[in-house]
2 protein chains.
Amino acid sequence: MAMDRDQVLRAAAALLSRKSTATMDEVARAAGIGRATLHRHFAGRDALVRALEEMGIREFEVAFDNARLGEGTAVEALRRLVAESEPNAQLLAFLVTENQLFEGDQVHEGWARLDARVSALFRRGQEEGTIRIDLSPAWLTEALYGLIGTCAWAVMDGRVAAKDFQYMIIELLLGGARRSVEK
Amino acid sequence: MAMDRDQVLRAAAALLSRKSTATMDEVARAAGIGRATLHRHFAGRDALVRALEEMGIREFEVAFDNARLGEGTAVEALRRLVAESEPNAQLLAFLVTENQLFEGDQVHEGWARLDARVSALFRRGQEEGTIRIDLSPAWLTEALYGLIGTCAWAVMDGRVAAKDFQYMIIELLLGGARRSVEK
DNA sequence: CTCGAATGAGACGTCAATGTCTCATTCAAT
DNA sequence: ATTGAATGAGACATTGACGTCTCATTCGAG
(Lines give C-alpha, C1' and ligand atoms only; values in the text may rest on other atoms or scores of the structure.)
Protein backbone atom coordinates (compact mmCIF):
# COMPACT_ATOMS: atom_id res chain seq x y z
CA MET A 1 0.00 0.00 0.00
CA ALA A 2 2.98 2.24 -0.46
CA MET A 3 2.16 5.70 -1.75
CA ASP A 4 4.74 8.30 -2.40
CA ARG A 5 4.55 11.66 -0.78
CA ASP A 6 2.86 13.26 -3.74
CA GLN A 7 0.04 10.72 -3.85
CA VAL A 8 -0.56 11.19 -0.14
CA LEU A 9 -0.67 14.93 -0.68
CA ARG A 10 -3.26 14.62 -3.41
CA ALA A 11 -5.44 12.35 -1.31
CA ALA A 12 -5.19 14.82 1.54
CA ALA A 13 -6.12 17.65 -0.79
CA ALA A 14 -9.16 15.77 -2.02
CA LEU A 15 -10.38 15.10 1.51
CA LEU A 16 -9.55 18.44 3.10
CA SER A 17 -11.13 20.33 0.22
CA ARG A 18 -14.40 18.66 1.13
CA LYS A 19 -13.98 18.56 4.89
CA SER A 20 -11.45 21.10 6.05
CA THR A 21 -11.64 19.93 9.66
CA ALA A 22 -10.72 16.33 8.89
CA THR A 23 -8.51 14.61 11.44
CA MET A 24 -4.96 13.46 10.77
CA ASP A 25 -6.36 9.97 11.23
CA GLU A 26 -9.01 10.59 8.60
CA VAL A 27 -6.44 12.00 6.24
CA ALA A 28 -4.28 8.93 6.73
CA ARG A 29 -7.18 6.57 6.09
CA ALA A 30 -8.23 8.56 3.05
CA ALA A 31 -4.72 8.15 1.71
CA GLY A 32 -4.84 4.45 2.52
CA ILE A 33 -1.87 4.61 4.87
CA GLY A 34 -1.34 4.44 8.60
CA ARG A 35 -1.26 7.51 10.77
CA ALA A 36 2.34 6.78 11.72
CA THR A 37 3.37 6.78 8.09
CA LEU A 38 1.54 10.03 7.53
CA HIS A 39 3.63 11.53 10.31
CA ARG A 40 6.76 10.16 8.69
CA HIS A 41 5.91 12.18 5.60
CA PHE A 42 4.73 15.32 7.35
CA ALA A 43 5.88 16.32 10.80
CA GLY A 44 2.41 17.47 11.80
CA ARG A 45 -0.80 18.99 10.69
CA ASP A 46 0.80 22.37 10.11
CA ALA A 47 3.46 20.79 7.95
CA LEU A 48 0.78 18.97 5.98
CA VAL A 49 -1.18 22.12 5.32
CA ARG A 50 2.01 23.93 4.43
CA ALA A 51 2.90 21.19 1.98
CA LEU A 52 -0.61 21.35 0.52
CA GLU A 53 -0.17 25.07 0.12
CA GLU A 54 3.08 24.58 -1.73
CA MET A 55 1.55 21.92 -3.95
CA GLY A 56 -1.36 24.23 -4.70
CA ILE A 57 0.95 27.05 -5.57
CA ARG A 58 2.95 24.76 -7.83
CA GLU A 59 -0.20 23.50 -9.52
CA PHE A 60 -1.44 26.99 -10.17
CA GLU A 61 1.88 28.17 -11.45
CA VAL A 62 1.73 25.34 -13.95
CA ALA A 63 -1.89 26.20 -14.75
CA PHE A 64 -0.91 29.80 -15.31
CA ASP A 65 1.94 28.72 -17.56
CA ASN A 66 -0.39 26.50 -19.57
CA ALA A 67 -2.86 29.34 -19.87
CA ARG A 68 -0.15 31.40 -21.60
CA LEU A 69 -1.31 34.58 -19.92
CA GLY A 70 0.83 36.72 -22.18
CA GLU A 71 -0.68 35.55 -25.46
CA GLY A 72 -3.69 37.04 -27.22
CA THR A 73 -5.97 39.49 -25.54
CA ALA A 74 -6.31 39.57 -21.79
CA VAL A 75 -9.88 38.33 -22.12
CA GLU A 76 -8.76 35.29 -24.09
CA ALA A 77 -6.02 34.60 -21.58
CA LEU A 78 -8.52 34.87 -18.75
CA ARG A 79 -10.72 32.24 -20.35
CA ARG A 80 -7.77 29.91 -20.62
CA LEU A 81 -6.84 30.67 -17.03
CA VAL A 82 -10.23 29.66 -15.69
CA ALA A 83 -10.21 26.53 -17.82
CA GLU A 84 -6.77 25.52 -16.54
CA SER A 85 -7.77 26.25 -12.96
CA GLU A 86 -10.82 24.02 -12.93
CA PRO A 87 -9.05 20.80 -11.91
CA ASN A 88 -7.64 22.50 -8.82
CA ALA A 89 -10.60 24.69 -7.95
CA GLN A 90 -11.50 22.77 -4.81
CA LEU A 91 -7.94 22.92 -3.59
CA LEU A 92 -7.97 26.66 -4.20
CA ALA A 93 -11.17 27.04 -2.20
CA PHE A 94 -9.59 25.14 0.70
CA LEU A 95 -6.37 27.10 0.64
CA VAL A 96 -8.08 30.47 0.37
CA THR A 97 -10.20 29.88 3.45
CA GLU A 98 -7.24 28.31 5.22
CA ASN A 99 -5.14 31.36 4.48
CA GLN A 100 -7.91 33.50 5.87
CA LEU A 101 -7.18 31.97 9.29
CA PHE A 102 -3.57 33.06 9.35
CA GLU A 103 -2.93 36.25 11.21
CA GLY A 104 -1.73 38.23 8.27
CA ASP A 105 1.77 37.20 9.29
CA GLN A 106 3.53 34.58 7.28
CA VAL A 107 1.51 34.31 4.13
CA HIS A 108 3.38 32.20 1.64
CA GLU A 109 5.32 34.29 -0.83
CA GLY A 110 4.04 32.05 -3.61
CA TRP A 111 0.62 33.62 -3.32
CA ALA A 112 2.14 37.02 -3.88
CA ARG A 113 3.72 35.75 -7.11
CA LEU A 114 0.42 34.30 -8.31
CA ASP A 115 -1.47 37.41 -7.31
CA ALA A 116 1.00 39.49 -9.23
CA ARG A 117 0.51 37.43 -12.38
CA VAL A 118 -3.28 37.64 -12.27
CA SER A 119 -3.17 41.27 -11.33
CA ALA A 120 -0.81 41.99 -14.22
CA LEU A 121 -3.18 40.20 -16.57
CA PHE A 122 -6.09 42.42 -15.56
CA ARG A 123 -3.88 45.47 -15.81
CA ARG A 124 -2.87 44.46 -19.30
CA GLY A 125 -6.53 44.19 -20.19
CA GLN A 126 -7.12 47.67 -18.88
CA GLU A 127 -4.29 49.00 -21.00
CA GLU A 128 -5.66 47.15 -24.00
CA GLY A 129 -9.00 48.77 -23.34
CA THR A 130 -10.83 45.46 -22.95
CA ILE A 131 -11.12 45.55 -19.16
CA ARG A 132 -12.84 48.26 -17.16
CA ILE A 133 -10.53 50.68 -15.43
CA ASP A 134 -12.90 51.52 -12.59
CA LEU A 135 -12.39 48.07 -11.01
CA SER A 136 -8.94 47.71 -9.52
CA PRO A 137 -6.77 44.76 -10.60
CA ALA A 138 -6.42 43.81 -6.94
CA TRP A 139 -10.18 43.54 -6.56
CA LEU A 140 -10.60 41.68 -9.82
CA THR A 141 -7.95 39.22 -8.68
CA GLU A 142 -9.71 38.61 -5.38
CA ALA A 143 -13.04 38.36 -7.14
CA LEU A 144 -11.66 35.75 -9.53
CA TYR A 145 -10.41 33.62 -6.64
CA GLY A 146 -13.68 34.15 -4.84
CA LEU A 147 -15.82 33.15 -7.78
CA ILE A 148 -13.73 30.06 -8.46
CA GLY A 149 -14.03 28.99 -4.83
CA THR A 150 -17.73 29.81 -4.65
CA CYS A 151 -18.44 27.89 -7.82
CA ALA A 152 -16.40 24.93 -6.64
CA TRP A 153 -18.53 24.80 -3.48
CA ALA A 154 -21.72 25.26 -5.45
CA VAL A 155 -20.76 22.33 -7.64
CA MET A 156 -19.96 20.19 -4.60
CA ASP A 157 -23.35 21.03 -3.14
CA GLY A 158 -25.06 20.31 -6.42
CA ARG A 159 -26.31 23.84 -6.89
CA VAL A 160 -24.34 24.25 -10.09
CA ALA A 161 -23.70 21.56 -12.69
CA ALA A 162 -20.03 20.62 -12.96
CA LYS A 163 -20.11 21.04 -16.70
CA ASP A 164 -21.11 24.70 -16.30
CA PHE A 165 -18.17 25.53 -14.08
CA GLN A 166 -16.08 27.48 -16.56
CA TYR A 167 -19.01 29.14 -18.26
CA MET A 168 -20.61 30.43 -15.07
CA ILE A 169 -17.40 31.94 -13.78
CA ILE A 170 -16.14 33.45 -16.99
CA GLU A 171 -19.46 34.83 -18.10
CA LEU A 172 -20.23 36.39 -14.76
CA LEU A 173 -16.73 37.73 -14.26
CA LEU A 174 -16.43 39.17 -17.73
CA GLY A 175 -19.94 40.07 -18.74
CA GLY A 176 -21.76 40.48 -15.45
CA ALA A 177 -25.33 39.58 -14.72
CA ARG A 178 -26.94 42.49 -16.48
CA ARG A 179 -28.40 41.86 -19.86
CA SER A 180 -27.23 44.52 -22.23
CA VAL A 181 -28.91 45.30 -25.51
CA GLU A 182 -25.62 45.26 -27.35
CA LYS A 183 -22.83 43.01 -26.18
CA MET B 1 -20.07 45.20 32.99
CA ALA B 2 -23.41 43.65 32.26
CA MET B 3 -24.18 43.12 28.62
CA ASP B 4 -27.36 41.64 27.41
CA ARG B 5 -27.40 38.61 25.20
CA ASP B 6 -27.67 40.63 22.03
CA GLN B 7 -24.63 42.75 22.79
CA VAL B 8 -22.64 39.62 23.54
CA LEU B 9 -23.73 38.16 20.24
CA ARG B 10 -22.61 41.22 18.35
CA ALA B 11 -19.23 41.23 20.04
CA ALA B 12 -18.85 37.54 19.22
CA ALA B 13 -19.82 38.21 15.63
CA ALA B 14 -17.24 40.95 15.33
CA LEU B 15 -14.47 38.74 16.68
CA LEU B 16 -15.37 35.50 14.95
CA SER B 17 -15.75 37.27 11.63
CA ARG B 18 -12.12 38.22 11.89
CA LYS B 19 -10.81 35.09 13.60
CA SER B 20 -13.15 32.19 13.08
CA THR B 21 -11.11 29.89 15.32
CA ALA B 22 -11.30 32.18 18.34
CA THR B 23 -11.65 30.43 21.68
CA MET B 24 -14.68 30.68 23.93
CA ASP B 25 -12.36 32.48 26.32
CA GLU B 26 -11.38 34.96 23.64
CA VAL B 27 -15.00 35.52 22.75
CA ALA B 28 -15.81 36.17 26.38
CA ARG B 29 -12.97 38.65 26.77
CA ALA B 30 -13.94 40.35 23.53
CA ALA B 31 -17.43 40.78 24.91
CA GLY B 32 -15.99 42.07 28.15
CA ILE B 33 -17.56 39.33 30.24
CA GLY B 34 -16.34 36.24 32.04
CA ARG B 35 -16.26 32.85 30.42
CA ALA B 36 -18.76 31.55 32.95
CA THR B 37 -21.23 34.26 32.03
CA LEU B 38 -20.77 33.47 28.36
CA HIS B 39 -21.74 29.89 29.15
CA ARG B 40 -24.77 31.14 31.03
CA HIS B 41 -25.94 32.82 27.85
CA PHE B 42 -25.00 30.04 25.44
CA ALA B 43 -24.76 26.41 26.43
CA GLY B 44 -21.63 25.86 24.34
CA ARG B 45 -19.76 26.80 21.27
CA ASP B 46 -22.28 25.11 19.02
CA ALA B 47 -25.10 27.01 20.64
CA LEU B 48 -23.18 30.25 20.20
CA VAL B 49 -22.60 29.64 16.52
CA ARG B 50 -26.21 28.62 16.12
CA ALA B 51 -27.32 31.82 17.81
CA LEU B 52 -24.99 33.81 15.58
CA GLU B 53 -26.51 32.09 12.60
CA GLU B 54 -29.98 33.04 13.72
CA MET B 55 -28.94 36.60 14.37
CA GLY B 56 -27.35 36.77 10.93
CA ILE B 57 -30.48 35.42 9.32
CA ARG B 58 -32.60 37.93 11.20
CA GLU B 59 -30.30 40.78 10.20
CA PHE B 60 -30.41 39.81 6.58
CA GLU B 61 -34.14 39.40 6.58
CA VAL B 62 -34.37 42.94 7.89
CA ALA B 63 -31.83 44.07 5.29
CA PHE B 64 -33.87 42.40 2.57
CA ASP B 65 -37.00 44.06 3.85
CA ASN B 66 -35.31 47.45 3.88
CA ALA B 67 -34.05 46.86 0.36
CA ARG B 68 -37.67 46.51 -0.77
CA LEU B 69 -36.77 43.79 -3.23
CA GLY B 70 -40.16 43.97 -4.89
CA GLU B 71 -39.98 47.62 -5.86
CA GLY B 72 -38.55 49.07 -9.05
CA THR B 73 -36.47 47.02 -11.44
CA ALA B 74 -34.56 43.99 -10.21
CA VAL B 75 -31.33 45.82 -10.88
CA GLU B 76 -32.35 48.71 -8.68
CA ALA B 77 -33.45 46.32 -5.95
CA LEU B 78 -30.12 44.54 -6.18
CA ARG B 79 -28.25 47.78 -5.62
CA ARG B 80 -30.30 48.43 -2.53
CA LEU B 81 -29.73 44.89 -1.38
CA VAL B 82 -25.96 45.20 -1.53
CA ALA B 83 -26.11 48.55 0.21
CA GLU B 84 -28.23 47.15 3.02
CA SER B 85 -26.00 44.10 3.35
CA GLU B 86 -22.79 46.02 3.83
CA PRO B 87 -23.03 46.41 7.63
CA ASN B 88 -23.32 42.64 8.03
CA ALA B 89 -20.96 41.57 5.29
CA GLN B 90 -18.31 40.22 7.65
CA LEU B 91 -20.88 38.23 9.52
CA LEU B 92 -22.09 36.80 6.25
CA ALA B 93 -18.56 35.80 5.30
CA PHE B 94 -18.16 34.01 8.62
CA LEU B 95 -21.47 32.21 8.42
CA VAL B 96 -20.98 31.12 4.83
CA THR B 97 -17.64 29.45 5.52
CA GLU B 98 -19.00 28.07 8.79
CA ASN B 99 -21.93 26.53 6.95
CA GLN B 100 -19.47 25.01 4.53
CA LEU B 101 -18.20 22.84 7.38
CA PHE B 102 -21.56 21.28 8.11
CA GLU B 103 -22.14 17.95 6.50
CA GLY B 104 -24.97 18.99 4.27
CA ASP B 105 -27.30 17.82 7.02
CA GLN B 106 -29.00 20.37 9.20
CA VAL B 107 -28.55 23.60 7.33
CA HIS B 108 -30.72 26.25 8.92
CA GLU B 109 -34.03 26.65 7.16
CA GLY B 110 -33.57 30.41 7.36
CA TRP B 111 -30.91 30.22 4.68
CA ALA B 112 -33.35 28.55 2.37
CA ARG B 113 -35.78 31.42 2.87
CA LEU B 114 -33.10 34.01 2.15
CA ASP B 115 -31.84 32.06 -0.83
CA ALA B 116 -35.36 31.92 -2.16
CA ARG B 117 -35.79 35.66 -1.90
CA VAL B 118 -32.52 36.44 -3.68
CA SER B 119 -33.14 33.78 -6.24
CA ALA B 120 -36.63 35.16 -6.90
CA LEU B 121 -35.15 38.60 -7.37
CA PHE B 122 -32.79 37.36 -10.07
CA ARG B 123 -35.59 35.42 -11.66
CA ARG B 124 -37.72 38.54 -11.72
CA GLY B 125 -34.89 40.34 -13.45
CA GLN B 126 -34.70 37.62 -16.04
CA GLU B 127 -38.41 37.93 -16.69
CA GLU B 128 -38.07 41.68 -16.93
CA GLY B 129 -35.33 41.20 -19.45
CA THR B 130 -32.73 43.05 -17.42
CA ILE B 131 -30.85 39.98 -16.15
CA ARG B 132 -29.17 37.39 -18.37
CA ILE B 133 -31.05 34.15 -18.69
CA ASP B 134 -27.97 31.99 -19.32
CA LEU B 135 -26.83 32.37 -15.70
CA SER B 136 -29.06 30.45 -13.32
CA PRO B 137 -30.62 32.30 -10.38
CA ALA B 138 -29.08 29.72 -8.06
CA TRP B 139 -25.59 30.52 -9.34
CA LEU B 140 -26.19 34.26 -9.26
CA THR B 141 -27.34 33.91 -5.65
CA GLU B 142 -24.22 32.00 -4.68
CA ALA B 143 -22.06 34.43 -6.60
CA LEU B 144 -23.62 37.37 -4.78
CA TYR B 145 -22.87 35.82 -1.40
CA GLY B 146 -19.39 34.91 -2.58
CA LEU B 147 -18.58 38.37 -3.82
CA ILE B 148 -19.88 40.00 -0.65
CA GLY B 149 -17.75 37.67 1.46
CA THR B 150 -14.71 38.04 -0.75
CA CYS B 151 -14.99 41.82 -0.71
CA ALA B 152 -15.46 41.85 3.05
CA TRP B 153 -12.22 39.90 3.42
CA ALA B 154 -10.44 42.09 0.90
CA VAL B 155 -11.47 45.15 2.87
CA MET B 156 -10.26 43.58 6.12
CA ASP B 157 -6.92 42.83 4.50
CA GLY B 158 -6.69 46.33 3.10
CA ARG B 159 -6.74 45.20 -0.51
CA VAL B 160 -9.95 47.08 -1.20
CA ALA B 161 -10.95 50.43 0.30
CA ALA B 162 -13.97 50.19 2.55
CA LYS B 163 -15.67 53.05 0.74
CA ASP B 164 -15.56 51.08 -2.51
CA PHE B 165 -17.34 48.07 -1.05
CA GLN B 166 -20.74 48.55 -2.66
CA TYR B 167 -19.40 49.83 -5.94
CA MET B 168 -16.95 46.96 -6.49
CA ILE B 169 -19.55 44.31 -5.81
CA ILE B 170 -22.43 45.81 -7.70
CA GLU B 171 -20.42 46.85 -10.70
CA LEU B 172 -18.70 43.51 -11.04
CA LEU B 173 -21.83 41.51 -10.42
CA LEU B 174 -24.00 43.50 -12.77
CA GLY B 175 -21.65 44.77 -15.43
CA GLY B 176 -18.75 42.36 -15.31
CA ALA B 177 -15.11 43.14 -15.84
CA ARG B 178 -15.25 43.50 -19.60
CA ARG B 179 -15.33 46.96 -20.99
CA SER B 180 -18.07 47.26 -23.51
CA VAL B 181 -18.30 49.99 -26.13
CA GLU B 182 -21.89 50.74 -25.21
CA LYS B 183 -23.06 50.38 -21.66
C1' DC C 1 -29.00 50.19 53.88
C1' DT C 2 -30.22 45.27 52.96
C1' DC C 3 -30.70 41.36 50.54
C1' DG C 4 -30.91 38.47 46.64
C1' DA C 5 -29.52 37.75 42.00
C1' DA C 6 -25.96 38.04 38.69
C1' DT C 7 -21.16 38.27 37.68
C1' DG C 8 -16.01 37.32 37.33
C1' DA C 9 -12.23 34.67 38.36
C1' DG C 10 -10.50 30.53 38.61
C1' DA C 11 -10.17 25.61 39.82
C1' DC C 12 -11.26 21.50 38.43
C1' DG C 13 -12.41 17.07 35.32
C1' DT C 14 -13.31 15.59 30.51
C1' DC C 15 -12.39 14.80 25.94
C1' DA C 16 -10.64 14.76 21.34
C1' DA C 17 -6.78 15.32 18.57
C1' DT C 18 -2.00 15.36 18.34
C1' DG C 19 2.67 13.63 18.28
C1' DT C 20 5.82 9.90 19.80
C1' DC C 21 7.05 5.38 20.40
C1' DT C 22 7.20 0.28 20.02
C1' DC C 23 6.77 -3.95 17.70
C1' DA C 24 5.23 -7.39 14.63
C1' DT C 25 4.61 -7.75 9.72
C1' DT C 26 5.38 -6.90 4.95
C1' DC C 27 7.93 -5.92 1.08
C1' DA C 28 11.74 -5.53 -2.03
C1' DA C 29 16.35 -6.05 -3.25
C1' DT C 30 19.92 -9.19 -3.31
C1' DA D 1 15.83 -17.69 1.07
C1' DT D 2 17.82 -13.74 3.68
C1' DT D 3 18.04 -9.42 5.26
C1' DG D 4 17.13 -4.70 6.07
C1' DA D 5 14.08 -0.95 5.39
C1' DA D 6 9.41 0.63 5.50
C1' DT D 7 4.80 0.06 7.05
C1' DG D 8 0.48 -0.52 9.93
C1' DA D 9 -1.61 -0.98 14.14
C1' DG D 10 -1.91 0.40 18.43
C1' DA D 11 -0.40 2.08 23.12
C1' DC D 12 0.91 6.14 25.46
C1' DA D 13 1.58 10.88 27.22
C1' DT D 14 0.60 15.67 26.09
C1' DT D 15 -1.90 19.47 24.91
C1' DG D 16 -5.60 22.77 24.33
C1' DA D 17 -10.23 23.79 24.55
C1' DC D 18 -14.43 22.74 26.58
C1' DG D 19 -18.06 22.53 30.12
C1' DT D 20 -19.11 22.49 35.09
C1' DC D 21 -18.70 24.07 39.48
C1' DT D 22 -17.62 27.03 43.56
C1' DC D 23 -17.14 31.21 45.90
C1' DA D 24 -16.23 35.89 46.83
C1' DT D 25 -17.71 40.20 44.94
C1' DT D 26 -20.68 43.40 42.77
C1' DC D 27 -24.82 45.34 41.33
C1' DG D 28 -29.47 46.81 41.63
C1' DA D 29 -34.12 46.76 43.36
C1' DG D 30 -36.63 47.55 47.33
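Numbers restart at 1 for each chain; the letters A, B, ... are given by sequence-line order, proteins then strands. The model shown is predicted, which means the values in this text are computed figures rather than measured ones.
- With a 6.0 Å radius and a threshold of 12 heavy atoms from other residues, nucleotides or ligands, B:Arg117 has its CZ atom above the threshold.
- Contact check on B:Arg132 versus A:Glu171 returns a salt bridge, with a Lys/Arg side-chain nitrogen under 4.0 Å from an Asp/Glu carboxylate oxygen.
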Scoring nucleotides 9-16 of chain D by protein non-hydrogen atoms under 4.0 Å (B base, S sugar-phosphate only, - none) yields B-B-----

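- Of the charged side-chain nitrogens involved, at least one lies within less than 4.0 Å of a carboxylate oxygen, so that A:Arg124 and A:Glu128 count as a salt-bridged pair.
- Only at 4.0 angstrom or more do the heavy atoms of residues 46-56 of chain A sit from any atom of DNA chain C, so none qualifies.
- Using a 4.0 Å cut-off between charged nitrogen and carboxylate oxygen, B:Glu71 and B:Arg80 do not count as a salt-bridge pair.
- Remark: A:Glu59 engages A:Arg10 in a salt bridge, criterion side-chain N to carboxylate O under 4.0 Å.
- Under a hydrophobic-cluster definition in which Ile, Leu, Val, Met, Phe, Trp and Tyr are linked whenever side-chain heavy atoms come within less than 4.5 Å, directly or via other members, B:Val8 and B:Leu95 are assigned to the same cluster.
- For the pair B:Glu26 CD and D:dA17 P, the interatomic distance rounds to 8 Å; values are reported in whole Å.
- Taking 4.0 Å as the cut-off between side-chain N and carboxylate O, A:Glu54 and A:Arg50 do not count as a salt-bridged pair.
- B:Thr37 has no side-chain polar atom (N or O) that falls below the 4.0 Å cut-off from OP1 or OP2 of C:dT7.
- Taking the nucleotide of DNA chain C with the nearest heavy atom to each of A:Gly44 and B:His41, the more 5' of the two is matched to B:His41.
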Tell me which donor-acceptor pairs under 3.5 Å the side chains of residues 141-148 of chain A have, and how far apart each pair is, sequence neighbours excluded?
| from | atom 1 | to | atom 2 | distance (Å) |
| --- | --- | --- | --- | --- |
| A:Thr141 | OG1 | A:Pro137 | O | 2.7 |
| A:Glu142 | OE2 | B:Arg159 | NE | 2.6 |
| A:Tyr145 | OH | A:Asp115 | OD1 | 2.8 |

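- Taking atom CZ on A:Arg5 and atom P on D:dA6, their separation rounds to 16 Å, with Å as the unit.
- Distance A:His39 NE2 to D:dG8 P: 14 Å, rounded to the nearest Å.
- As a whole-Å value, the separation of A:Met24 CE from C:dA17 P is 13 Å.
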